[in-house]
Structures are given as structure tokens and as C-alpha cells.
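Data block below; observations after.
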Amino acid sequence: MRPYWLLFLFLFLFLFATTSTLPTSQSSPPMKKPDNATIYRVSKQLCWGCGGESLQFLFAHNMVRAYKWELPLTWDSQLENYARWWAGQRKADCKAQHSFPEYGFKLGENIYWGSGSTWTPADAVNAWAGEEKYYAYSTNSCQAGKICGHYTQIVWKNTRRIGCARVVCDSGDVFMTCNYDPVGNYVGERPY
């Protein structure tokens, strides 16, 4: 029952914080952007018993979702365990490879590889979210030759849970993976 109260609290605080900035006419400024501190507090409450990198992953995802007025994700330890397992498999070669065979996804999954060991969860989420510039909502499509599925998975309307992992590979580079449930990116459906 607790997650539902937290979601209600998040929505109430978020809507209350923006009601004073709602446009009253077409010439009014757009609505206020999400408040980082509020999103962080909600993310921390939805990340039971976790901290550090887990909270960084969750907060970064929930910031992206808040900009599209999507409900925040909650941290899921089973998804985290799966992501940790897959990151452990990639530690030796740091190959940017999904954990499922092509078109065999049972969970949503975003992967990231970075040269060097300083890449953070926020770097990975920002890279995925940066694909928004290639996504056209009006046609529900990605620009030719570009990728935007990482972004649409982050903001997918039905996704509720996330688990991620980061590993420094034997080469000194970084591999990160996030898994999402329920899965998104259904052909012909809009993400939000």
C-alpha cells in the first residue's frame, strides 16, 4: 500500500507546486519545470534501502519522466539483481550487448558503455534521454538513421519499476544497464 501513497504524495506535491504557474491564457508562460528537490525526495522514498548509484539511476530517470508528467518509477531489487548479473557478464569484455536475444526482450533494457572509469548513472540516463531530440511525437517515429528507443523506454507510460547496475570493466571502461518492467516500446504505440 505504501507505494500508492507515495505516488499520490508525489503527484499532489508536484501539481501543487505548479498550480501557481499554470497558464491562464494563450499568452501566459508555460508551466513550471519539475522541481529537482521534490523529485529527489520522492525518488529516495521509492528506493527502499538503496542509496549511492541506485538512487542516482532512479532520480535521473524520474526527472526525465517528470518532464513528460509520467508517474515516477520505483526501484525493484529483482530487476537490480538481474542488471547486476548482466553487468557482471560484461565485466570481462565491456561489450555493449543486450542480455536478451534480438527481439526476445522480456523486460525493457537500456545499456551504456563509456571509455574510462568515471562515467556515472546520470551520464548514462542523460545519454539515453538525449535521444528525445530525434523523437517526433506527432508521427511517433524516430528520425531516419537515429536511435530514440532508449528515451522512449525511460518515459514509457506503463513502466513502473526499474533496476540498474554499473560495473568498471577489466579494461577500465564502464558498462551500465537498466531493466524496466513492464516493458515498453511497443510498435505503433506512443510512449506517453
Side-chain angles (χ1 to χ4, degrees), residues 3 43 46-65 68 70-132 134-135 140-143 145-192:
S43 295
L46 295 173
C47 196
W48 300 290
C50 63
E53 290 178 347
S54 301
L55 184 54
Q56 291 173 37
F57 276 117
L58 186 61
F59 171 62
H61 277 83
N62 285 339
M63 281 300 299
V64 176
R65 291 177 66 83
K68 296 300 176 189
E70 289 301 323
L71 292 173
L73 299 174
T74 61
W75 192 258
D76 185 285
S77 60
Q78 290 181 336
L79 293 174
E80 177 186 12
N81 289 340
Y82 183 82
R84 287 199 184 289
W85 167 78
W86 186 244
Q89 298 297 306
R90 299 280 53 93
K91 189 175 186 325
D93 61 12
C94 223
K95 186 175 179 184
Q97 178 181 340
H98 283 284
S99 65
F100 303 101
E102 190 172 353
Y103 305 112
F105 288 97
K106 305 294 185 228
L107 299 168
E109 185 173 70
N110 284 345
I111 57 174
Y112 177 90
W113 171 87
S115 178
S117 62
T118 60
W119 299 98
T120 67
D123 292 324
V125 176
N126 289 337
W128 298 328
E131 294 175 359
E132 179 182 13
Y134 305 125
Y135 176 70
N140 191 31
S141 62
C142 199
Q143 280 181 18
K146 301 294 184 182
I147 296 172
C148 57
H150 301 102
Y151 163 70
T152 54
Q153 176 58 80
I154 290 173
V155 296
W156 197 261
K157 61 187 169 251
N158 297 330
T159 299
R160 296 291 176 257
R161 293 170 296 285
I162 185 176
C164 305
R166 175 187 180 275
V167 67
V168 176
C169 301
D170 296 345
S171 63
D173 296 335
V174 170
F175 178 85
M176 289 183 259
T177 181
C178 288
N179 291 102
Y180 307 83
D181 185 59
V183 65
N185 289 339
Y186 287 101
V187 175
E189 290 186 31
R190 285 187 165 80
Y192 45 87

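Since the structure is predicted, the reported quantities are computational estimates derived from the model, not experimental observations.
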*Tell me, with the steps shown, if Trp86 and His98 meet side chain to side chain contact (heavy atoms under 4.5 Å, CB included).*
CA-CA 9 Å; Trp86 186 244; His98 283 284; 5.7 Å; no
_Does Val174 form a side chain to side chain contact (heavy atoms under 4.5 Å, CB included) with Val168? I'd like the steps, not just the answer._
CA-CA 5 Å; Val174 170; Val168 176; 4.3 Å; yes
*Determine, stepwise, if the pair Glu80 / Cys50 fulfils side chain to side chain contact (heavy atoms under 4.5 Å, CB included).*
CA-CA 11 Å; Glu80 177 186 12; Cys50 63; 5.5 Å; no
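Distance CG/Leu58 to CD1/Ile162: 6.5 Å, rounded to 0.5 Å. Between the CG atom in Asn179 and the OG1 atom in Thr159 there is a gap of 11.5 Å [rounded to 0.5 Å]. The OG1 atom of Thr177 sits 13.5 Å away from atom CZ of Arg166, with the distance rounded to the nearest 0.5 Å. Taking OH from Tyr134 and CD1 from Ile147, the interatomic distance works out to 9.5 Å, rounded to the nearest 0.5 Å. Taking CG from Asp76 and CZ from Arg160, the interatomic distance works out to 14.0 Å, rounded to the nearest 0.5 Å. Note that CD1 of Ile111 is 13.0 Å distant from SG of Cys164, once rounded to the nearest 0.5 Å.
The two residues His61 and Leu73 come nearest to each other via the heavy atoms CB-CD1, 4.1 Å. For the residue pair Phe175 and Ala96, the shortest heavy atom distance occurs at CE1-CA, 4.2 Å. Considering every non-hydrogen atom in both Gly163 and Ala83, the closest pair reads O-CB, 3.8 Å. Smallest separation of non-hydrogen atoms from Val183 and Gly108: CG2-N, 3.4 Å.
Within the structure, salt bridge (Lys or Arg N to Asp or Glu O under 4.0 Å) pairs that include any residue of residues 86-101 comprise Arg90-Asp93, Lys91-Asp170 (at least two apart or interchain). Applying the salt bridge (Lys or Arg N to Asp or Glu O under 4.0 Å) definition to pairs two or more places apart or across chains, those involving residues 180-192 are Arg161-Asp181.
Side-chain atoms of Ser115 and Trp113, non-hydrogen and from C-beta on, do get closer than 4.5 Å to each other. In this structure the side chain of Gln153 never reaches within 4.5 angstrom of the side chain of Cys178, judged on heavy atoms. Between Tyr135 and Lys146, every side-chain heavy-atom pair lies at or beyond the 4.5 Å cut-off. Two residues are said to be in side-chain contact when any heavy atoms from C-beta on lie closer than 4.5 Å; Asp173 and Trp119 fail this criterion.
Side-chain contact annotation: Tyr112 with Asp123, donor-acceptor N/O pair under 3.5 Å absent. Defined by atom type and a distance below 3.5 Å, a donor-acceptor pair is present between the side-chain atoms of Glu109 and Ser99.
By the salt bridge (Lys or Arg N to Asp or Glu O under 4.0 Å) test, Glu131 is found to be paired with no residue, residues two or more places apart in sequence or in another chain being considered. Residues forming a ring pair (Phe, Tyr, Trp, His ring centres under 6.0 Å) with Tyr82 (at least two apart in sequence, or on another chain): Trp85, Phe100. For Tyr186, there are no ring pair (Phe, Tyr, Trp, His ring centres under 6.0 Å) partners at least two apart in sequence or on another chain. Applying the salt bridge (Lys or Arg N to Asp or Glu O under 4.0 Å) criterion to Lys157, with sequence neighbours excluded, gives no partner residue.
At distances below 3.5 Å, not a single donor-acceptor pair connects side-chain atoms of Arg84 with backbone N or O atoms of Val167. Side-chain atoms of Asn62 do not come within 3.5 Å of backbone N or O of Pro72 as any donor-acceptor pair.
The neighbour count for Gln143 CD, taken as heavy atoms of other residues, nucleotides or ligands under 6.0 Å away, is above 12.
Classified by interplanar angle (parallel below 30°, tilted 30° to 60°, perpendicular above 60°), the ring pair Trp75/Phe57 is parallel.
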